[in-house]
Amino acid sequence: MSDEFGYTRTSGDGADEHLDGQVMPRRRRSRRRADWRFGGTSVRRWDSKVLSIALAGVGVGLVASVFLGSVGGRWASVLSSVALWAGMSCAVGFAFARARPAGLVAFRAVDLLWGVGFGVSLRVLQGLITGADARSFPSAISLDGVLPPDWWLTTATSAGVIAPVVEEFFFRAVVLVATYQLLRRSTGAPAAAVTSALVSAGGFVLLHAAFSAEGLTDGIQLFIVGATCSALVLLTGRIWGAVVVHIAYNVSFLALVVLGSVLQ
């Protein structure tokens, strides 16, 4: 029966029926997909605006980082890093405030397994490439036999934890997912995946090159790391595997530094 205060009622076949007897088809509601890689409302707002904010965030962060690094002082390097992370984090926060891509921040135990395995393997590959004609690998890198008193705070914590999380959420969540989302309908999923992976890995290399002169070998190593992390996100639909890869890759280097200094 119709509601005396309403304007429509639902007929038995699921259509909306006006009180004048005219049956109108019910509008289909937009479905929220369980995986951002297939589109849906959860990722629709990760558009060109998100990429523009990401570019602006990292740009402002770079300028502030370079300025603070040039000021000098004991904490100059820490403040420089914080400025860069702040710019990137603002872009990440803006993206997730607009929407949360379905399944992107979900965690599975296999992410930890894949992350550690790929991270350590990439570090071994890096050592083999770098020291192919210079020294045997693995070799323990040394800081002249002495670790600075604030090394654990200024270097180990930032490089081992903070930087991997911020960089992966920026490059492998915001940049990768937004680029993929923008291209998926027009180019198809495979082409969108390849393009977004290249953009994400390329940006990762350029960011590191902005702070230090990178040789060809260094650039190739960083690109491989970025491409591996991008592939994990695209294949699993989750970000944490890439984060663990980056952490394992950096921590394994820090472990070699500590070992080299202890054995010096």
Side-chain angles (χ1 to χ4, degrees), residues 37 88 103-143 151-152 155-177 179-180 190 193-209 211-212 214-263:
R37 293 172 294 178
M88 298 169 72
L104 182 63
V105 296
F107 177 78
R108 302 288 184 271
V110 70
D111 296 331
L112 185 62
L113 178 64
W114 283 111
V116 173
F118 276 115
V120 174
S121 298
L122 287 170
R123 177 56 64 188
V124 173
L125 177 63
Q126 181 269 333
L128 291 172
I129 295 174
T130 302
D133 298 318
R135 59 184 182 275
S136 59
F137 183 84
S139 59
I141 301 168
S142 170
L143 294 179
W151 184 82
W152 291 101
T155 302
T157 302
S158 61
V161 180
I162 302 175
V165 174
V166 174
E167 290 177 9
E168 290 308 311
F169 267 84
F170 181 83
F171 286 109
R172 252 63 71 178
V174 175
V175 174
L176 178 74
V177 175
T179 303
Y180 177 88
V194 172
T195 303
S196 59
L198 291 174
V199 171
S200 175
F204 182 67
V205 174
L206 291 176
L207 179 68
H208 287 78
F211 289 94
S212 61
E214 302 288 350
L216 177 60
T217 302
D218 297 323
I220 291 174
Q221 294 162 6
L222 288 170
F223 184 84
I224 292 174
V225 173
T228 300
C229 292
S230 298
L232 268 179
V233 174
L234 289 167
L235 290 173
T236 66
R238 301 184 298 273
I239 186 63
W240 293 110
V243 172
V244 176
V245 167
H246 201 153
I247 291 176
Y249 182 78
N250 285 8
V251 167
S252 58
F253 174 80
L254 297 173
L256 288 174
V257 171
V258 173
L259 180 61
S261 298
V262 171
L263 297 178

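We number each residue from 1, following the sequence as shown.
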Closest non-hydrogen atom pair between [X] and [Y], with its separation:
X: Ala248; Y: Val116; result: CB-CA, 4.1 Å
X: Gly219; Y: Val205; result: O-CG2, 3.9 Å
X: Ser121; Y: Gly117; result: OG-O, 2.7 Å
X: Arg123; Y: Tyr249; result: NH2-O, 2.9 Å

Contact between [X] and [Y] at the side-chain level, heavy atoms closer than 4.5 Å - yes or no?
X: Gln221; Y: Thr217; result: yes
X: Leu104; Y: Val233; result: yes
X: Val105; Y: Trp240; result: yes
X: Pro164; Y: Val244; result: no
X: Val199; Y: Leu176; result: no
X: Met88; Y: Phe169; result: no

(request) Answer with yes or no after comparing the ring centroid distance for Phe223 and His208 against a 6.0 Å cut-off, counting only values under it. (result) no

(request) Can you sort out the partners of Trp114 under side chain to side chain contact (heavy atoms under 4.5 Å, CB included), two or more places apart, ordered by chain and number? (result)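 Here the qualifying residues are Val110, Phe118, Leu232.
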
(request) Only counting residues at least two apart or in another chain, list the ones meeting side chain to side chain contact (heavy atoms under 4.5 Å, CB included) with Ile224. (result)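 Checked Ile224 against side chain to side chain contact (heavy atoms under 4.5 Å, CB included); matches are Leu122, Leu125, Ile220, Thr228.
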
(request) Using salt bridge (Lys or Arg N to Asp or Glu O under 4.0 Å) as the criterion, list what pairs up with Asp111, not counting sequence neighbours. (result) Arg238

(request) Please confirm whether the backbone N or O of Ala197 pairs with a side-chain atom of Ser200, one donor and one acceptor, at under 3.5 Å? (result)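 Absent.
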
(message) Between Arg172 (side chain only) and Cys229 (backbone N and O only), is there a donor and an acceptor less than 3.5 Å apart?
(response) no

